[in-house]
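Below is one structure, written out as structure tokens; the observations come after it.
Treat the numbers as computed from the prediction; the structure is a model and nothing was measured. For ligands, and for the atoms within them, numbers begin at 1 and follow the listed sequence. Sequential numbering from 1 along the given sequence is applied to the chain's residues.
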Amino acid sequence: MSEIFEEIKEAVIDGDEDLAGELAQKVLDENINPVEAVQQGFIKGIEEIGNSWKAGEAFLPDVMMAADAMKAGLAVLEPSIAELGGGDDDTGKIVLGTVEGDIHDIGKNIVGALLTAAGFKVYDIGIDQKAENFLAKAEEVGAQIIATSALLTTTMNAQKELIEYLEEKNLRSKYKVLVGGGPTSQTWADEIKADGWAETADEAVELCKKLIS
Ligand code: B12
């Protein structure tokens, strides 16, 4: 099984959208756990190209192609991951999005898929979202949790601004606010008085279960 994960990783690194989609389909056809394929194949690939980019060995277009390959594969797997959950609204409602100024959505999408698989009802508002959009959606659907993703040191401050915005509206205690994404940490979450932080999508699921119970 590790062979197919290795192939997936290489397809992402090579930015091969078609192959990534085909391998994702193979995962489903061979009844391989799609979550494991994401964690041990797709994420490993995007991390490796990210490291090469940082080291100056790969360039932005390479990363963009890898991200497209990753998305093509995830699109195939996501419906099956969501089906693992079969959840109802009782498990909890979560508004999820990437903060203003930030267009990274791969990690957010994985968090959303695993939360859905765990039975949560996830309302994904997308990328580059202002504080007021998070709140408007949470009010509209009656969410308990607002989960925000930030991948840039320049955009993580928007997570703090969301909390300040909720305070301003006297709605801070109504919602549990979660923060996540590369530059964030437990220290950051404590500093901005968020209700929780998680490093990975798995941990995000555990955290949401804990916060809602
Ligand atoms: C792919 C990628 C891109 C793609 C994004 C495609 C897409 N649709 O998302 C593209 C090529 C478009 C891109 C653009 C840019 N990028 Co970029 N990108 C990356 C890269 C390589 C991987 C990110 C990723 O998808 N990782 C895989 C996922 C699975 O991991 P993750 O996002 O961290 O998510 C996990 C956890 O963090 C957590 N999590 C995520 N969200 C949440 C939310 C909650 C609530 C919780 C609890 C948990 C959680 O769970 C996830 C799953 O385990 C990273 C490098 C890296 N190592 O992170 C750089 C990186 C984030 N990018 C970077 C930069 C600088 C940029 C650009 C500014 C480049 C430019 N000059 O244009 C632009 C930004 C544009 C913008 N305004 O947002 C820098 C950021 C530096 C910094 N610290 O600020 C990084 C770190 C690269 C680097 N080392 O320099 N990027």
(message) I want to confirm something. Looking only at heavy atoms, which of V111, L151, I106 is nearest to atom 23 (C) of ligand 1?
(response) L151
(message) Among L60, I103, N51, V38, which one puts a heavy atom closest to atom 78 (O) of ligand 1?
(response) I103
(message) Between D105 (side chain only) and K108 (backbone N and O only), is there a donor and an acceptor less than 3.5 Å apart?
(response) no
(request) Give a yes or no on whether atom 88 (C) of ligand 1 lies under 4.0 Å from any heavy atom of the protein. (result) no
(message) Taking the cut-offs as 6.0 angstrom to the six-membered ring centre and 45 degrees off its axis, would you call K121 and Y123 a cation-pi pair?
(response) yes
(message) Any protein heavy atom at under 4.0 Å, with atom 10 (C) of ligand 1 as the reference point?
(response) no
(request) Give the contacting part of D128 toward ligand 1: side chain, backbone, both or neither, where contact means a heavy-atom distance below 4.0 Å. (result) neither
(request) Could you tell me whether some N/O pair between A201 and ligand 1 is separated by less than 3.5 angstrom? (result) yes
(request) Look at atom 17 (Co) of ligand 1 and say whether a protein heavy atom is found at less than 4.0 angstrom from it. (result) yes
(request) Mark up the atoms of ligand 1 that fall under 4.0 Å of a heavy atom belonging to S149, in ascending order. (result) 40 (C), 41 (N), 42 (C), 43 (C)
(message) Quick check against the 3.5 Å criterion: does D128 have a side-chain atom that pairs as donor or acceptor with the backbone of G101?
(response) yes
(request) Considering heavy atoms of the protein only, find what lies nearest to atom 26 (N) of ligand 1 and give residue, atom and distance to 0.1 Å. (result) I46 CG2, 3.9 Å
